[in-house]
K.L.:
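I am attaching a structure below and will ask some questions about it afterwards.
Because only heavy atoms are used, hydrogens play no part in the values below, and waters and symmetry mates are left out as well, while side chains stay in. Just so it is clear, the structure is predicted and the values come from calculations on it, not from any experiment.
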Amino acid sequence: MKMISPMSYSNGWLRGLNETRASMVDLQRQLTTGKKADLYSGLGGAGSIDTAVLMRAKIDSLEAYGASSDLLATRMDTMETVLSRYSELTREIRTMVAGTNPQSELPSPGTLTAQAKTSLDEAVALLNTDIGGRYLFSGRSTTQEPVISAQKMIEGDGARAGFRAVAAERLATDRGAADANGNHTGRLSVYTSDIVAPNGASVVNDPTTTAYGMQVSNVGAVDKLGAPLASVSSWATGFAVDFSLQDPAAGDAISIEFSLPDGTTTTLKVKAYEGTQPQNGGEAPHMTHYEIARLPDGTLDLPTTVSNFRTALTAGIHKVAETDLASASALAAANDFFDSNPPKRVDPGPPPVPRDGTDADTVTWYRGADIDVASLPPGADVDAERTRAARTAAVAKVSEDLDVAYGSQANEKELRATIKNLAVIAVSEYDMPADQDAYINKAGKLVNKLSKAATGVGEARAAIASQRVVVQKAGERNGLEKTTAENLLGSVEDADINEVAVSLLQLQTQLQGSYQVTAMLSQLSLVRLL
Amino acid sequence: MGLGGTLANALSGLKVTEAGLDVVSRNVANSSTAGYSKQKLNQSVVDYGGPAFGVRVGEVTRVLNEHLVSQLRGELTGMGYADTMQSYLERLEISFGAPGAGNGLESLYSKFESSLEGVVASPENPSTREEFVQNARLMASGLNSLSDDVQELRRQAESEIDGAVNRINEILKSIASANQKIAVSPVDDPQVLDQRDQLINELAEMMEVNVLPAAPDGTRSVLTRSGTLLVSDVPMTLTFENRQATVRADSLYEAGGLGTIKLSGPGRPPVDLIQEGAFASSGRIGALLELRDKTLVEAQNSLDALADSMARAMSGYDIGSSVATNAGNDVVSRTLNLTGDPLSYGDRISFTYRDATGEQTVTFIATDSTAGAIDDGATGGKDRVVGIDFTQDDATIKAAMEAAIPGNFTVNVAGGKSGSITFVDGNPGTNPAITGLTATATETSVTGQLALPLFTDGGQPYTGSFNGGSQQRGFAGSIRVNQAIIDDSKLLSQHAAGVPLGDPARAQAMIDRLQAVEIRTPNGKIVASDPATGAKIGTFVSRIISTQAARASAANHSQKAQSEVVQQLEERSTSKSQVSVDEEMARLLELQMAYQANAKVVKTFEEMLYKLMEIRP
């Protein structure tokens, strides 16, 4: 028979009541907090604890990646917008250059110059874009505005020269001294006197420098049947023509190739004719013709022919100097000013040599962080190194194993091309119609350069856009991972409200029953009956 | 038989009834006294040597089940252990932080790491930098307070052991005096027996005891689990020697830095009960000792390892070696050039070579003459670890390094730890052959390397030195953020003159190392939370927390299970020995009836005698 002890002395009874009460308190806590336990140890075995701790850590780090991704997205979206406008601006000015007709009133080269200045302002403003004090195109110097104002860039800053002065200095050096007629020969020595070049002429490169002016790089001389001319002799640094060695004949052509300061070449063709003067142009970028003069007896009038030849050659060289050389000089000056940090200037010499501009005499257009060009190994691709450094100037982790490098510098090759070409247009001044040829020549080169620049900006934009996609995808993946982690965490940490409610109800019934029985038992004692 | 016999019988009945009433009243009065065992009056028939039989008052005995009592005693020992473990580990776990609590260790660390990511993304932004510096300070102070909590728990354990030892001495004295009383009295007093049982139970809760069966005179001897006598009729005395009022991370029992329990008594030499294993994993004192000398020391070790790896992740950098080869492309020598990157004490040179069994690593740690021998476990790897006293001259350093590597290698040292060290293979191309040589140095200046001494120890850059003991031990309690960086957070990106504020390189290097740094143990292994090799610090932090939580959880379960067992045994034992008032009332009625009946016999005897007297002539 089971003995039931009086309730007040039964440990089991009291313990049962206490435990039921304690369970109820715990269930009430679960109901209000929604959590199974308030310490990890209350979650159960080591498996649940591990899951809870690891998932919490994972959620924390995913949240951090999320914050990084959001920040990056804002920055990269802004960069994309900026580059999109930048590329549009480059294409606009290219179209404008291509569509400008020097002969018509509007748009005239003068309008173009004004437009280039405005566009340069805008380009600079775009590159100087900042988000909350962080400049996007400054490399590592995120607190430094990367590009100086268009005004200072072109006109200089006080005693410090701007691009206009640098280009003018370079042009003066490239043209060389003017001859008696005020014409320039691009530092070539053109000899037309009978003493130095009897019965012809000779052209010799400036022996003191090849860095400036133009140089004769190749000479070809053939008659109309393609046989070499004995009257023309050439060597590495020049050529000479002596008609006493072979009589000139109609159709004889001398092609002189000049190398120009921007690394391009151009050709001047001097061709002999008799009778009607042919039209200039056609066979080579530059054509001049000279007439073979005849004495009344039909024999060669050598002195007149030589004089005709000398006039044609000199005029041809002058024209090359005023057009191709001038354009090439402007572009070379742009290279000097925009590609180098510090900008290159000309030490007039003689002989003229390139020198580094100083902070005192030249403005530096790009003020952001840059690689140390001097520390690169010889022969390194400076622009490739620069782009690499620029990208890693801004990095962020967007997921566990994914770093995104999205930094950029205004002086990266792709971005500075637009600025360079705009600056070249902005400092070009033309006196129409005299400078018509010079303008056409330069416009041709610029259209080409601007097309390339637009493509380059497009590439830079695509590079950012592809990284932006990476950020987006990483963000989506992080979101999914976070949901999974939260679900997993919930499954071990969260209390099931339904279960809790049912258990609570059950305990309530149990406790009520227990109390009732307790009350009844308390009445049952022999003591009361004695 | 005659009427006289009847009277004697009735009188004996009355006497027994009175005695029974006494026992009933005693039982009723003590019905709710803890530890009181129900008493029972034994009675027997008295043979007067004729047809008359009386009743005799026998001994009053206790109603109890000796077997249950001894089983309960054993379980009480287990409960003392489980209760104490549970209470300490719960407090430790609360210190480590509740799930999702902002001040928890995991949360502090993840904020530290994510705000460093923030600095990588926006180094130029002062508020980003400030946020990181603040999080680093919170992390450091979190480690400080956790370390303090762990040491405070150890101090409490130390002082609780002291209290327990004092209480044990009182108990032993009382048991001895109870034994003496029992030995001299011819009839055992149930009160004294109850009292002695109670005392032994209380003792059992504190330490495992072995109670011998009662001697013929009724005394019982109590021994420790290892068989040393604690008390018989004379008590032994326990003393808690070398008790420490303050406990620090470097106070270790093994090194004599904490108290120990000695037993002494009349006629025996003192014995160290801890050494003897009297408390191993049992009883309250066993739990306190385990907490003080193992569990909490391990917790401190993992915190120290965390602090150490964080500090080194920020300030450590690698120095590569240059290699010389012969015509056959075999390595002839490798040279470390330490000029400009002098080693700090605690910095390491790692030399690897290949022999017949595979790749071997010898790690040399820069020390001075105050460093003791360094355990191979100091690097957490399988390599051999050798401390090299770099205050010696080059020739002595050379000899010390050569002693640790195979004989066909020679070492050339020029200029000690800030010069060059070359390992030369005397026999290039054959095993053993040199495969690698690197050094890990600590940046101690805030500018120069990308590495940054973000954390300091006592105002000095932390280098993990072994001079005068492991600097890592207790570092969690003293780690601080470098004041120079608190003063100027620009140092987070400006690692050298002229470096732009927006340069993320330094923060990037910091985060890269944070995710790759080797986790080291303080000259020994971290047993429970020893991470897998190559674990990231973040994973290590999680591991520390889940280890603590799992221990607390196991302690909770075992405490619950143990207390269940104890309560059931108590219930079972009391249901046998406990006074039932109803039963006593029934007994009271019974006694009342018996008394009335005996009285009636006397009365009848009186009437009969009277009748007899009336028949007078």
K.L.:
What parts of residues 131-140 of chain A touch chain B if we use heavy atoms and a cut-off under 4.5 Å?
P.N.:
A:R134, A:R140
K.L.:
Relative to chain B, which segment of A:Q144 carries a heavy atom at a distance below 4.5 Å: side chain, backbone, both, or neither?
P.N.:
neither
K.L.:
For chain A, which candidate among B:A507, B:A552, B:A121 shows the most heavy-atom pairs at distances under 4.5 Å?
P.N.:
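Going by pairs under 4.5 Å, I would pick B:A121.
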K.L.:
Hey, which of A:K35, A:E493, A:K58, A:R56 has the most heavy atom pairs under 4.5 Å with chain B?
P.N.:
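Most pairs with chain B among the choices: A:R56.
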K.L.:
Can you tell which of A:A393, A:A64, A:A52, A:G407 has the highest number of heavy-atom pairs within less than 4.5 Å of chain B?
P.N.:
A:A393
K.L.:
Does a sphere of radius 6.0 Å around CZ in B:R572 hold more than 12 heavy atoms from other residues, nucleotides or ligands, not counting ones at 6.0 Å or beyond?
P.N.:
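Counting neighbours around CZ of B:R572, 12 or fewer heavy atoms of other residues, nucleotides or ligands fall under 6.0 Å, so no.
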K.L.:
Roughly how far apart are A:D50 CG and B:R543 CZ, rounded to 0.5 Å?
P.N.:
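Separation between the atoms: 7.5 Å.
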K.L.:
So which of B:A555, B:S110, B:P504, B:G97 has the largest heavy-atom pair count under 4.5 angstrom toward chain A?
P.N.:
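Heavy-atom pairs under 4.5 Å are most numerous for B:P504.
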K.L.:
Does a side-chain heavy-atom distance below 4.5 Å link A:L71 with B:S122?
P.N.:
yes
K.L.:
Given heavy-atom pairs under 4.5 angstrom as the criterion, report whether the side chain, backbone, both or neither of A:A369 touches chain B.
P.N.:
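The side chain, not the backbone.
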K.L.:
Return the CD to CG distance between B:Q508 and A:D403, rounded to the nearest 0.5 Å.
P.N.:
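Those atoms lie 5.5 Å apart.
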K.L.:
Evaluate whether atom CZ of A:R21 has more than 12 neighbouring non-hydrogen atoms of other residues, nucleotides or ligands under 6.0 angstrom away.
P.N.:
no
K.L.:
Please determine, among A:T392, A:T143, A:L54, the option with the most heavy-atom pairs under 4.5 Å with chain B.
P.N.:
A:T143
K.L.:
Taking atom CD of B:E93 and atom CG of A:L39, what is their separation to the nearest 0.5 Å?
P.N.:
4.5 Å
K.L.:
Of all heavy-atom pairs between A:Y65 and B:E117, which one has the smallest distance, and what is that distance?
P.N.:
CE2-OE2, 3.8 Å
K.L.:
When you compare the side chain of B:L501 with that of A:T142, does any pair of heavy atoms fall below 4.5 Å?
P.N.:
no
K.L.:
With heavy-atom distances below 4.5 Å as the criterion, would you say the side chains of B:V120 and A:K397 are in contact?
P.N.:
no
K.L.:
Which value, rounded to the nearest 0.5 Å, describes the distance between B:F96 atom CZ and A:S41 atom OG?
P.N.:
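If I round to the nearest 0.5 Å, the distance is 12.5 Å.
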K.L.:
Working to the nearest 0.5 Å, report the span between OG of B:S553 and CG of A:L43.
P.N.:
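Rounded to the nearest 0.5 Å, the OG-CG separation comes to 8.5 Å.
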K.L.:
Given that the side chain runs from C-beta out, which part of A:S141 has a heavy atom under 4.5 Å from chain B: side chain, backbone, both or neither?
P.N.:
both
K.L.:
Check whether B:I94 gets within reach of chain A through its side chain, its backbone, both or neither, counting any heavy atom under 4.5 Å.
P.N.:
both
K.L.:
Looking only at heavy atoms, what is the nearest atom pair of B:S546 and A:V53, with distance?
P.N.:
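Minimum heavy-atom separation between B:S546 and A:V53: CB-CG2, 3.9 Å.
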K.L.:
If you tally heavy-atom pairs under 4.5 Å against chain B, which of A:L489, A:V395, A:L72 wins?
P.N.:
A:V395
